[in-house]
Every structure is written in structure tokens, then in C-alpha cells.
J.: 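Have a look at this one before I ask anything.
Given the structure is predicted, the values throughout are model-derived calculations rather than measurements. Hydrogens, waters and symmetry mates are skipped; everything else that's a heavy atom, side chains included, is used.
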Amino acid sequence: MKKTTILCYGDSNTFGQNPDGGRYSYNERWPTILAESLGNNFYVLEEGLSGRTINHDDQNQDKPCKNGWTLFRPMLASHRPDYTVVMLGTNDTKIFYDESSVAIAQNLNKYISACEEFSSKLVLVSPAPASNDFINSQTQLSNGGEYNQASLEKMIILHNEIEKIAKDNGLLHIDAGKYVKTGSDRIHWDKQSHQVFAKSIQKFLLQEFNF
């Protein structure tokens with residue numbers, strides 16, 4: 001029996017970055033929880049990378065491979081997923097990319113075209129924003145200095161812009177911010193949120209696609 005393949009493509013919160021450092025274990029990350037919940041008739045591909053953007057190379061040459069677009073089409077070509085879940089955009093709000101929330105969301109249009117090319121049904125997920133105290137009130141920067149208050153404001157309204165892109169293209173959309181909470185670093189999900197999001201997206205997929 002052919003298994004239904006689902007590609008989960010995202011950044012650190014798909015990778016399973018632990019806000020206290022390191023990475024959540026295999027069975028604690030939402031794509032794995034989703035796979036176990038769906039059962040043996042499904043094959044879930046966990047493709048998350050910390051720092052991944054929609055279509056930008058990191059300005060730090062010591063951080064290669066962060067441009068999500070360079071790998072996306074090869075992943076579709078290689079795995080031919082029936083469904084693709086994309087959750088990107090947080091890293092694109094970093095100071096040095098200097099893009100508006102509108103522009104960030106519009107950069108997802110090439111992902112839409114790619115999924116059409118490979119006949120994969122696309123679900124766009126708006127990433128949850130960082131918590132309000134993610135930006136230090138004294139330095140006006142995040143820990144590490146890659147984000148500022150403007151970055152946080154872009155994160156907060158990004159879900160509206162991604163939802164517009166989804167509606168304009170007749171795609172399904174999920175707002176992760178409705179289901180998850182950040183941990184101690186104020187940007188990566190706490191462990192319970194991986195459970196909650198996996199269950200929520202499973203219910204969503206079952207309802208929308210009649211698995």
C-alpha cells in the first residue's frame with residue numbers, strides 16, 4: 001500500500017531547537033509526534049534547519065545553507081510529497097535582511113509555484129512570533145543582536161500577510177501562534193507546544209484532506 005508522504009519544511013521550531021539549549025529528542029519534536037499520531041499509512045519527512053530563511057543567504061559566511069529556497073525544489077523532486085507543510089519567515093525578520101512583513105510573505109510565492117510543479121498540496125503555516133520580552137529593553141536588541149524591535153513587530157503581523165498569500169492562492173493556512181508558547185529564550189517553543197501543535201495540525205489535515 002502506498003504511503004501518503006508529508007514534507008514538514010521549516011526552521012528551528014521544525015528542527016526542534018530547545019530554548020534551554022540543544023535539540024529536543026526525536027520523539028519530542030512535532031513532525032515525529034505527527035508521524036506517530038497519523039500511523040503507518042503515512043511517511044512524514046522532518047526537514048527543519050535552525051536559521052533557515054525563505055530565500056536569503058545568511059550574511060555570516062560561517063552559517064551556510066540557510067537559504068531555504070535552494071533546497072526546497074530538490075526536496076520536492078527527490079521525495080515527491082503528497083502534502084507539504086511550510087513554516088518559515090521568522091529568520092527573515094532579522095535586521096540585516098531589512099524586509100517588510102509584506103515582502104517576506106510574498107517571497108513564499110515561489111514555494112507555491114514549486115509545489116504546483118511537483119503536484120504537492122501546500123499548507124502554509126504562519127510562525128508564532130517571539131514573546132514581547134524577546135527584545136532587551138536596554139540594548140533594544142535580542143540576545144545575539146540579530147533582531148530589534150522592528151523585527152519583533154514584523155513577526156507579530158507576519159501571520160496576517162501569510163494568510164493573505166494563502167487566501168489569494170486558494171491554499172490552506174494555519175497560524176501556529178494560536179497553539180504554541182515560547183520557552184526561556186522567548187523565541188523557541190517549549191516542549192509541550194510541540195505536542196499541542198502536532199495534535200492540532202493532525203486534526204487540521206484530517207479534516208481538510210479526509211485522510
Side-chain angles (χ1 to χ4, degrees), residues 1-16 26 29-57 65-92 103-128 158-180 189 194 197-211:
M1 180 178 180
K2 180 183 181 296
K3 290 190 176 185
T4 298
T5 301
I6 302 173
L7 170 63
C8 300
Y9 196 78
D11 53 27
S12 53
N13 279 316
T14 299
F15 171 81
Y26 179 74
R29 305 193 291 263
W30 74 261
T32 306
I33 299 168
L34 174 64
E36 293 175 348
S37 299
L38 287 171
N40 292 331
N41 291 333
F42 294 84
Y43 175 44
V44 178
L45 291 159
E46 178 187 48
E47 182 45 57
L49 175 66
S50 295
R52 177 177 280 155
T53 65
I54 294 172
N55 67 333
H56 292 292
D57 294 318
C65 308
K66 302 301 185 183
N67 187 329
W69 175 243
T70 59
L71 182 60
F72 188 66
R73 287 185 74 256
M75 287 291 294
L76 294 178
S78 175
H79 295 286
R80 302 297 172 117
D82 300 288
Y83 302 92
T84 299
V85 179
V86 172
M87 181 168 60
L88 289 170
T90 298
N91 291 296
D92 301 74
I104 291 170
Q106 288 178 342
N107 289 334
L108 288 166
N109 281 317
K110 58 179 63 179
Y111 285 70
I112 296 171
S113 297
C115 284
E116 290 174 349
E117 177 186 354
F118 289 97
S119 301
S120 182
K121 294 182 176 65
L122 175 62
V123 178
L124 288 178
V125 181
S126 295
L158 184 58
H159 74 94
N160 289 326
E161 301 304 330
I162 293 179
E163 184 176 22
K164 289 178 186 176
I165 294 293
K167 285 183 176 180
D168 288 346
N169 290 276
L171 300 173
L172 296 174
H173 170 261
I174 303 172
D175 181 4
K178 293 180 178 179
Y179 306 103
V180 306
W189 301 356
H194 282 262
F197 184 71
K199 297 298 183 183
S200 299
I201 199 166
Q202 177 194 9
K203 182 179 179 181
F204 179 86
L205 292 172
L206 289 171
Q207 288 177 339
E208 296 295 337
F209 298 118
N210 298 315
F211 288 156

J.: Any side-chain heavy atom of Glu161 sitting closer than 4.5 Å to one from Lys164?
T.: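 When only atoms from C-beta onward are counted, Lys164 and Glu161 do touch, with a gap below 4.5 Å.
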J.: Is it the case that more than 12 heavy atoms not belonging to Asp168 sit under 6.0 Å from its CG atom?
T.: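 Yes, CG of Asp168 has more than 12 neighbouring heavy atoms, counting only those of other groups under 6.0 Å.
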J.: Taking the side chain as everything from C-beta on, heavy atoms only, tell me whether Phe209 gets closer than 4.5 Å to Leu172.
T.: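 With C-beta onward as the side chain, the pair touches.
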J.: With a 4.5 Å limit on heavy-atom distance, are the side chains of Glu46 and Thr32 in contact?
T.: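 Answer yes - side chains close enough.
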J.: A cation-pi test, strictly: NZ or CZ of Arg52 under 6.0 Å from the centre of the six-membered ring of Phe72 and no more than 45 degrees from its axis. Yes or no?
T.: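 Not satisfied by the 6.0 Å and 45° rule.
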J.: Looking only at non-hydrogen atoms, find the nearest pair between Gly16 and His194 and report the distance.
T.: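 So the two residues come closest at CA-CE1, 4.0 Å.
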J.: Please round to the nearest 0.5 Å and tell me the distance separating atom OG of Ser78 and atom CG of Leu71.
T.: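 Going from OG on Ser78 over to CG on Leu71, the span is 9.5 Å.
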J.: Ignoring hydrogens, what is the shortest heavy-atom contact between Pro127 and Thr90? Give both atom names and the distance.
T.: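 Closest approach of Pro127 to Thr90, heavy atoms only: CB-OG1, 3.3 Å.
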J.: Donor-acceptor pair, distance only, cut-off 3.5 Å: does the side chain of Tyr83 make one with the backbone of Cys8?
T.: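 The answer is no, because no donor-acceptor pair under 3.5 Å joins these two groups.
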J.: Ser113: what forms a side chain to side chain donor-acceptor pair (under 3.5 Å) with it, not counting sequence neighbours?
T.: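 Scan of Ser113 (side chain to side chain donor-acceptor pair (under 3.5 Å), adjacent residues dropped) gives none.
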J.: Apply side chain to side chain contact (heavy atoms under 4.5 Å, CB included) to residues Asn91 and Lys66 and explain how you reach the verdict.
T.: CA-CA 9 Å; Asn91 291 296; Lys66 302 301 185 183; over 6 Å; no
J.: Using a 3.5 Å distance criterion without hydrogens, assess whether the side chain of Arg73 forms a donor-acceptor pair with backbone atoms of Thr70.
T.: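 No, because the side chain of Arg73 does not come within donor-acceptor range (under 3.5 Å) of the backbone of Thr70.
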J.: How close do Asp82 and Lys3 get, heavy atom to heavy atom, and via which atoms?
T.: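 The pair with the smallest heavy-atom distance is OD2-O, 3.9 Å.
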J.: Please verify the inter-ring angle class for Trp30 with Phe197; under 30° counts as parallel, over 60° as perpendicular, anything in between as tilted.
T.: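 If you compare the ring of Trp30 with that of Phe197, the planes turn out perpendicular.
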J.: When rounded to the nearest 0.5 angstrom, what is the spacing between OG1 in Thr4 and CG in Asn41?
T.: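 Reported to 0.5 Å precision, the distance equals 7.0 Å.
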J.: At what distance, to the nearest 0.5 angstrom, does CG of Asn169 lie from CG of Leu124?
T.: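 Interatomic distance, Asn169 CG to Leu124 CG, rounded to 0.5 Å: 8.0 Å.
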J.: Determine, step by step, whether Cys115 and Leu76 satisfy the side chain to side chain contact (heavy atoms under 4.5 Å, CB included) criterion, reporting the C-alpha distance in whole Å, the side-chain angles of both residues, the deciding distance to 0.1 Å, and the verdict.
T.: CA-CA 8 Å; Cys115 284; Leu76 294 178; 4.3 Å; yes
J.: Could you tell me which non-hydrogen atom of Asp92 sits nearest to which non-hydrogen atom of Asn55, and how far apart they are?
T.: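 Nearest heavy atoms, Asp92 then Asn55: OD2-N, 4.0 Å.
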J.: What residue among Ile6, Leu45, Leu7 forms side chain to side chain contact (heavy atoms under 4.5 Å, CB included) with His79?
T.: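 Exactly one candidate clears the test, Leu45.
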J.: For residues His56 and Thr53, report the shortest heavy-atom separation together with the two atoms involved.
T.: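 What the structure gives for the nearest pair is O-OG1, 2.7 Å.
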J.: CD of Gln202 to CD of Gln207: how many Å apart, nearest 0.5 Å?
T.: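 Here the rounded value is 10.5 Å.
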J.: Testing Ile112, Ile162, Val123 one by one against Leu171 for a side chain to side chain contact (heavy atoms under 4.5 Å, CB included), which residue passes?
T.: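 Passing option: Ile112.
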J.: Return the CD1 to CD1 distance between Ile201 and Ile174, rounded to the nearest 0.5 Å.
T.: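 It is 4.0 Å, given to the nearest 0.5 Å.
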J.: Can you find a heavy atom in the side chain of Ile54 that is under 4.5 Å from one in the side chain of Tyr111?
T.: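 Result yes, sub-4.5 Å side-chain heavy-atom pair found.
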J.: Under 3.5 Å, side chain of Ser37 to main-chain N/O of Ile33, donor-acceptor pair present?
T.: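 Flag set: sc Ser37 to bb Ile33 pair under 3.5 Å.
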J.: Can you tell me if OH on Tyr26 sees more than 12 non-hydrogen neighbours from other groups inside 6.0 Å?
T.: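 12 or below, so no.
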J.: For Leu88 and Tyr9, what are the C-alpha separation, side-chain angles and deciding distance, and is it a side chain to side chain contact (heavy atoms under 4.5 Å, CB included)?
T.: CA-CA 8 Å; Leu88 289 170; Tyr9 196 78; 4.0 Å; yes
J.: List the atom of Val180, the atom of Ala128, and the distance in Å for their closest heavy-atom pair.
T.: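 For Val180 versus Ala128, the nearest heavy atoms are CG2-CB, 3.5 Å.
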